[in-house]
2 protein chains.
Amino acid sequence: MARISDVAKHAGVSVATVSRVLAGQGSVSESARERVLASVKALDYHPDLAARRLRSGKTDTLGLIVSDIRNPYFTDVSRAIEDVAYARGMRVLLCNADEDPAKERFYLDMMRDENVAGVILSPTLQLLSRFRPEDFSFPLVLVDRSNPDTHADAVVLDNPDAAQRLARHLLDRGCRRIAFFYGAASATGSQRLAGYRSALADAGLEPVPVPIRPTTEDARQALLAWLDTQSALPDAIVASSGLILLGLIEGLRERGLRWPDDVIIAGFDDMAWTRITSPALTVIAQPTADIGRSAIELLLARIAEPKQAMRRIVMRGELIVRGSSQPG
Amino acid sequence: MARISDVAKHAGVSVATVSRVLAGQGSVSESARERVLASVKALDYHPDLAARRLRSGKTDTLGLIVSDIRNPYFTDVSRAIEDVAYARGMRVLLCNADEDPAKERFYLDMMRDENVAGVILSPTLQLLSRFRPEDFSFPLVLVDRSNPDTHADAVVLDNPDAAQRLARHLLDRGCRRIAFFYGAASATGSQRLAGYRSALADAGLEPVPVPIRPTTEDARQALLAWLDTQSALPDAIVASSGLILLGLIEGLRERGLRWPDDVIIAGFDDMAWTRITSPALTVIAQPTADIGRSAIELLLARIAEPKQAMRRIVMRGELIVRGSSQPG
DNA sequence: CTGTTAGCGCGTTCAA
DNA sequence: TTGAACGCGCTAACAG
């Protein structure tokens, strides 16, 4: 590997001049610049990032800590983040906290040790409920999960609004008894529950909340167990996330129940497979690409301007009505 | 931020002793060790990784370049890789080459600049077809895509065998005209095509290969266009990947075609949604977790022992027979 | 067992 | 416009 001193020697200048050319600042004569550039190419020189970082104390690496890398929501968001980072020549250190506070802690420590320029995080409920900005030595943007009073830059869906609109849609379709399967240990689950509750309260109806662990398999089992306790089917079943929705669909199929005839079903997240069930599923689509893009732009802005006021970007979910909520 | 010299001063020893304690090598008296550890804790000292890397020339970061972060196959593999890395306290730099040779080049250069300990890569066909080990300055393990004559450590599915078994299964079910939708510009697509061809050849039947771009949307459109050119439906349609399978399902639904009655359908990748179609889909399941785990273990072994012979790990796909291939 | 010291490769003063 | 020299924080070789 060629060093900067090799380039300097080859170009007949000092290392300082090479550095200036590479940094594109400070004044360098045109002839020197050309010779340096030629030598860089000739020697296939690549600056040592470790040395550069040690010296400058800065990094062009961003951290991204997601709760579940296998959840399409997060891969879509990650993809958007990565695209922006790529366009800017930045690196992304992607970690999967797996909804585990210990892993989350580990990765946040890793980010500090890596001296990343900033971090995008979808926090566990535990972290979010005790969130204090001063606990983090780097710029941080929350994504997917944040409360209105959380003192942090964040990009989230308007969960109460989206859940409310989804519930109202079902009420408009004549549903009166609407069960809501939601992730009890998640901020989004609670927020969506609140929207659902409020829609039902407005209609003077009793909510039927079913708290579960927000995985596909748990949702499936929870639905089967819950159905066994019911004397009659509800009019509709709503899932507070795409993973839960998939589990509910599996459970309904297992029981031989069809939608919308036996029961109406709807949920969150416009995953690819929601279009191939018969009939297709009514969902709230999240603008995942916009969420990811906004998150990294928020982060880069914060890095550039650490003092600016906190910003909370709230995205509107889109209700996509499909056959699963169209009885008759 | 506390430096190693602060710790040394606080503990009343030299920086060398602190370094030895932290590295866990060299001999240090018990009392010194305890004092150092106490000081580390008291000062909340964290070693500067940039300095450590500059000095040692080593990194505990691995690179992972996948072709498509939104493909569940790759997220599952990534997840397994990440788990092993987490257990070892290593970092993973995850990049999404997006099937784009330019992005792939960019990220490979980034890996070199980052001086990563090693890289796991699912190469584009372009890179694979011109693969030369000497082009890479770091240990490299290929995943998902590699040819038998590629001179590199690799973990792949036995694609010809899996496709052959899938095709034979359909032949056993009485199918004679079997269309095969596959990614023409991918190594796995070609290998699976070969297995399919060989099964049909053994049965004395004509193959019906349909080369497409391996995305869901392309598969959907290609199916619709292809159906328009056919005077009659084939007995079966096979997808060479999960993304393609989803597109085919979308297309069949659009045409109002049902499986297995109108046409039998099957494909690769046991994605979660393949269980919720009516009936569920027959697929070749890939052992994604094992593939990921094997890949990183292969890489770590290569890093530890750079001279050892190349290893190619070939995994067997599992045929999961479901309703979509059970006529009658 | 321990401390001193010399770089790792680079960016950045400061003088010229 | 240029170059010499220092030091970022750490590890490892060497001396004691």
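Predicted, not measured: the structure shown is a model, and the values here were computed from it. Order of the sequence lines fixes the chain letters, A, B, ..., with proteins taken first and strands second; residue numbering starts at 1 for each chain.
Between the CG atom of A/L49 and the P atom of C/dC8 there is a distance of 18 Å, rounded to whole Å. In this structure, NZ of B/K58 is placed 23 Å from P of D/dG9, rounded to the nearest angstrom. Distance, B/N115 CG to C/dC10 P: 12 Å, rounded to whole Å. Protein atom CZ of A/R53 is 13 Å distant from nucleotide atom C1' of C/dC10, rounded to whole Å. Here the P atom of nucleotide D/dT11 and the CZ atom of B/R3 are 14 Å apart, to the nearest Å. At whole-Å resolution of the value, CG in B/L22 and P in D/dC10 are 9 Å apart. Separating the CG atom of B/D48 from the C1' atom of D/dG7 is a distance of 13 Å, rounded to the nearest angstrom. Taking atom NZ of residue B/K9 and atom P of nucleotide D/dG9, one finds them 13 Å apart after rounding to whole Å.
Toward the 5' end of DNA chain C, the nearer of the two residues A/A23 and B/V28, judged by each one's closest nucleotide, is B/V28. Residue order along DNA chain C, read from the 5' end via each residue's closest nucleotide, puts B/R33 first among B/L54 and B/R33.
Out of D/dA4, D/dC10, D/dA12, the shortest distance to the side chain of B/A16 is found at D/dA12.
Regarding contacts with the backbone of C/dG11, every side-chain N or O of A/Q25 stays at 4.0 angstrom or more from both OP1 and OP2. Proximity of A/S27 to the phosphate of D/dT1: a side-chain N or O atom is located under 4.0 Å from OP1 or OP2. Close to C/dG9, at under 4.0 Å from its OP1 or OP2, lies no side-chain N or O of A/S5. A sub-4.0 Å separation between OP1 or OP2 of C/dC10 and a side-chain N or O of A/R52 is absent. Put simply, A/T17 has a side-chain N or O that comes within less than 4.0 Å of OP1 or OP2 on D/dG3.
When heavy atoms are screened at a 4.0 angstrom cut-off, A/E30 is found touching no nucleic acid atom at all. Contacts of A/A8 with the nucleic acid, taken as non-hydrogen atoms under 4.0 Å apart, are absent.
A pairwise comparison of heavy atoms in A/A187 and A/N147 identifies CB-OD1, 4.4 Å as the closest pair.
Between B/R312 and B/D153 there is no salt bridge, since none of the side-chain N atoms of the basic residue sits less than 4.0 Å from a carboxylate O of the acidic one. At a threshold of 4.0 Å, the pair B/D48-B/R52 does not count as salt-bridged, since none of the basic side-chain nitrogens sits closer than that to a carboxylate oxygen. Using a 4.0 Å cut-off between charged side-chain N and carboxylate O, B/E297 and B/R88 make no salt bridge.
For C/dG3, the base has a donor-acceptor partner in the side chain of B/R20 [N/O atoms by modelled type, under 3.5 angstrom]. Judged by atom type and distance alone, B/R55 reaches the base of C/dG7 through a side-chain donor-acceptor pair under 3.5 Å.
Proximity of B/V143 to B/V156: side-chain heavy atoms (C-beta onward) are nowhere separated by under 4.5 Å.
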